[in-house]
Every structure is written in structure tokens, then in C-alpha cells.
Amino acid sequence: MRIALLGARGQLGSELVKTRPEGVELFPLTRSEVDVTDGKRVDALLSEVRPDLILNATAYVKVDQAEDEPEKAFAVNAVGVKNLVDVCLKTGSVLVHISTDYVFDGKKGEIGKPYTEEDRPNPINIYGISKYAGELVVRNYLERYYIVRVAGLYGRAGTSGKGGNFVYTILRKARAGEPLRVVNDTFVSPTYALDAARKIWEIILDERPYGTYHVTNGGWCSWYEFACRILEFAGLEAEIRPVKHTEFPTRARRPLWSPLESVRGVAMRPWEEALRDFIREIV
Ligand SMILES: NC(=O)c1ccc[n+]([C@@H]2O[C@H](COP(=O)([O-])OP(=O)(O)OC[C@H]3O[C@@H](n4cnc5c(N)ncnc54)[C@H](OP(=O)(O)O)[C@@H]3O)[C@@H](O)[C@H]2O)c1
């Protein structure tokens, strides 16, 4: 199977490269080779590669900055996706598109249940709206697609668009002896990018039914609890204090509750187990 991977150097993209299964002929593409916002270039390059499947791990991921430059977020997360969709329509390639828990508004927190693939998105910030626009383009133009929503990603490479990830930030601050203040009223499903990459390959190779999948490690926690487990697994002592999100004003509103779970049979191991493995790998 010939697969073109866009965003190959990103946090998730690099794990997809690392975990490439046997029998997959992978064409890892970075932004310098093809900018997804450039429709002509996307068409020319992918028409040459002629992949059976296009895997889109590109994204504009700066959640706060997106509020001030929505056109940049939409250029990558919606127009860029349309450019890939157009290639799929022309060549018959399957599209795997990565999306986010931020397509949800967090209101499901009132009943304390994670969002499943059956819940209705209602994004509350520009990043989430642009990602949802990308999903709609895929869903409304293609029949042969996978939309894979991930959340709270951390991996060896760190998010290139955000300059790291939460795990690295907590470790760096703790080692520098900085006191930590972390929100304890915002909840997420922390997800190891390596686990997510393996599950994405499994979905593709098992030829699962097309549609939307939630690919996160099992369970959920507040960002405060996430930080506490990072310190514990790394064997670090630090001064850490739980705070409310209102004490940490950010440019973009964020859903206070965005844990995901799958009702489509792609559940993964618990988040604590995955985090322990990741920390063992990096410290
Ligand atoms: N990180 C999270 O916590 C999180 C949570 C939920 C969902 N997600 C989703 O997971 C996916 C992967 O995120 P990630 O953490 O791996 O982000 P990332 O590390 O920032 O990777 C995104 C990649 O997209 C590339 N890219 C950006 N704009 C591009 C363009 N115009 N043309 C071509 N390539 C472009 C970037 O290249 P450069 O490095 O050259 O800029 C980067 O390699 C995204 O769909 C994101 O929305 C992430």
C-alpha cells in the first residue's frame, strides 16, 4: 500500500513514520516539500506519488494565536484539507484526517461522561472551529475517509507548532525549581503520540469501517493531576498548586471537559500506563 504522510515531522507525524508497518510504502512529506495551503503544489506532488491513501497529520495548532489570525488557522485546517480532498476525489485515494477534542464545547462535563464518536461537535474557539470545518469538508465530500480525533497529545518530538508539549514543560519547570500552578477544573484524556500512531495504523490495516474514530489513551484527568503524575513518574519533587482556569486567563476559551472515548472498538491502554512508559523513555 502506498501512503503519503503530510506533516511527517510533527509530534504525531514523526511517530507515524517511526511505527510504519511492514508492507506500507510510506512517502513522508514535510512542509518544505509541500505546503498544504498551496492547492497546485498539493495536486502536482500527490498526482505524481499516486498514493492509495493520504494521511494528514498537518495542522495549525496555536490555539490562542488562532483567535488573532483566524485566516491562518483556516488556511491549514480547512482550505488545506479541501486541497487534499480534491486529490482524493481525483485519484480515488482514501483520506485519513487527524482532528481534535477541541471540536467539542465541554458541556458534557455536566454529566461527567467522555465524548464519543456519536456526540455532536460544537467548537468554542477559532482553532476548534477551523478543525471542525476541516472535518466537515472531509465528511461532506468523501465516502472513503477516516477522521481520527486525538487529544492531549505528548510525544518525543513535541508539538512543533507549539514548541513542546505539557510533559516537557512540567519537567523543565520542575527541574528549574520553578513553582507550578496548574488548572484542576479542566479535564482531558492525555494521549501518548506513539500509542495513537500505532492505533491509526491498525485502523488503516484492519480496514475498519470508514468514519470517525476517537483515538486516546483510556480514562481522563485534570491538567493538575496530569502534572502530578508526570512529577511522580519522573521521580521529581516540585512545589505544585492546583488553580482554577479563571486564575489563568487565556486568549482562547477552552472546553473545560474534553475527554474522549471510543464506542467503535478502538480503545487504548490507560493514560497513566502510557505516560509512565513515555517518561521512562525520555528521562
Ligand atoms: N498537540 C495536541 O495536544 C493535539 C490535541 C488534539 C489534536 N491534535 C491534532 O493532532 C494533529 C497533530 O498534531 P501535532 O501535535 O503533531 O502538531 P505539530 O507537531 O505542530 O505537527 C503539525 C505538523 O503540520 C505541519 N504543518 C503546519 N502547517 C503546514 C502547512 N501549511 N503545510 C504543510 N505542513 C504544515 C507542521 O510543519 P512545521 O513543523 O514545518 O511547521 C508540523 O510538522 C493535528 O491535527 C492536531 O490538530 C493535537
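Here the structure is a predicted model, which means the values were calculated and not measured. Counting convention: from 1, in listed order, for ligands and their atoms alike.
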Regarding ligand 1, does [X] bring an N or O atom to under 3.5 Å of one of the ligand's N or O atoms?
{"X": "Arg9", "answer": "no"}
{"X": "Thr100", "answer": "no"}
{"X": "Gly10", "answer": "yes"}
{"X": "Val76", "answer": "no"}
{"X": "Tyr60", "answer": "no"}

Is [X] touching ligand 1 with its side chain, its backbone, both, or neither, if touching means heavy atoms under 4.0 Å apart?
{"X": "Leu6", "answer": "neither"}
{"X": "Ala57", "answer": "backbone"}
{"X": "Asp35", "answer": "both"}
{"X": "Ala151", "answer": "backbone"}
{"X": "Ala75", "answer": "neither"}
{"X": "Lys131", "answer": "side chain"}

Between [Y] and [X], is there a cation-pi geometry (under 6.0 Å to ring centre, at most 45° from the normal)?
{"X": "Arg149", "Y": "Tyr213", "answer": "no"}
{"X": "Lys62", "Y": "Tyr127", "answer": "no"}
{"X": "Lys108", "Y": "Tyr115", "answer": "yes"}

Given Gln11 and Glu15, is the side-chain hydrogen bond (donor to acceptor under 3.5 Å, both in side chains) satisfied, shown in steps? CA-CA 7 Å; Gln11 179 165 241; Glu15 301 291 358; over 6 Å; no
Closer than 4.0 Å to some heavy atom of Val34 - which atoms of ligand 1 meet that?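 That gives atoms 32 (N), 33 (C) of ligand 1.
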Pull out every atom of ligand 1 sitting under 4.0 Å from any heavy atom of Ser99, numbered as shown with elements.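 Once the distances to Ser99 are compared, the set is 7 (C), 9 (C).
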Evaluating non-hydrogen atoms only, which member of Gly13, Gly164, Ala59 is closest to atom 44 (C) of ligand 1?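 Nearest heavy atom to atom 44 (C) of ligand 1 lies in Ala59.
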Just go through Val103, Asp101, Ile98 and tell me whose heavy atom is the nearest to atom 11 (C) of ligand 1.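 The residue whose heavy atom sits nearest atom 11 (C) of ligand 1 is Ile98.
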Between Tyr192 and Glu281, is any side-chain donor less than 3.5 angstrom from a side-chain acceptor?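 Yes, a side-chain donor-acceptor pair sits under 3.5 Å.
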What pairs with Asp52 under salt bridge (charged side-chain N to carboxylate O under 4.0 Å, His left out), at least two apart in sequence or on another chain?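 Asp52: no salt bridge (charged side-chain N to carboxylate O under 4.0 Å, His left out) contacts found.
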With sequence neighbours left out, write down each residue that passes salt bridge (charged side-chain N to carboxylate O under 4.0 Å, His left out) with Glu202, or none if nothing qualifies.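 Applying salt bridge (charged side-chain N to carboxylate O under 4.0 Å, His left out) to Glu202 gives Lys199.
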Decide if atom NZ of Lys82 counts as having more than 12 heavy atoms of other residues, nucleotides or ligands within a radius under 6.0 Å.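 It does: Lys82 NZ has more than 12 such atoms within range.
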Let me see the working for Ser189 and Thr191 under side-chain hydrogen bond (donor to acceptor under 3.5 Å, both in side chains), right down to the final yes or no. CA-CA 6 Å; Ser189 299; Thr191 296; 5.8 Å; no
Going by heavy atoms, is [X] under 4.0 Å from ligand 1?
{"X": "Tyr127", "answer": "yes"}
{"X": "Thr30", "answer": "no"}
{"X": "Ala157", "answer": "no"}

Fit a plane to each ring of Tyr154 and Phe226, take the angle between them on a 0 to 90° scale, and name the class: parallel (under 30°), tilted (30 to 60°) or perpendicular (over 60°).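 Tilted: the ring planes of Tyr154 and Phe226 meet at 30° to 60°.
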With under 30° as parallel and over 60° as perpendicular, where do the rings of Trp220 and Trp257 fit, or are they tilted in between?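 Because their plane-to-plane angle is over 60°, the rings of Trp220 and Trp257 count as perpendicular.
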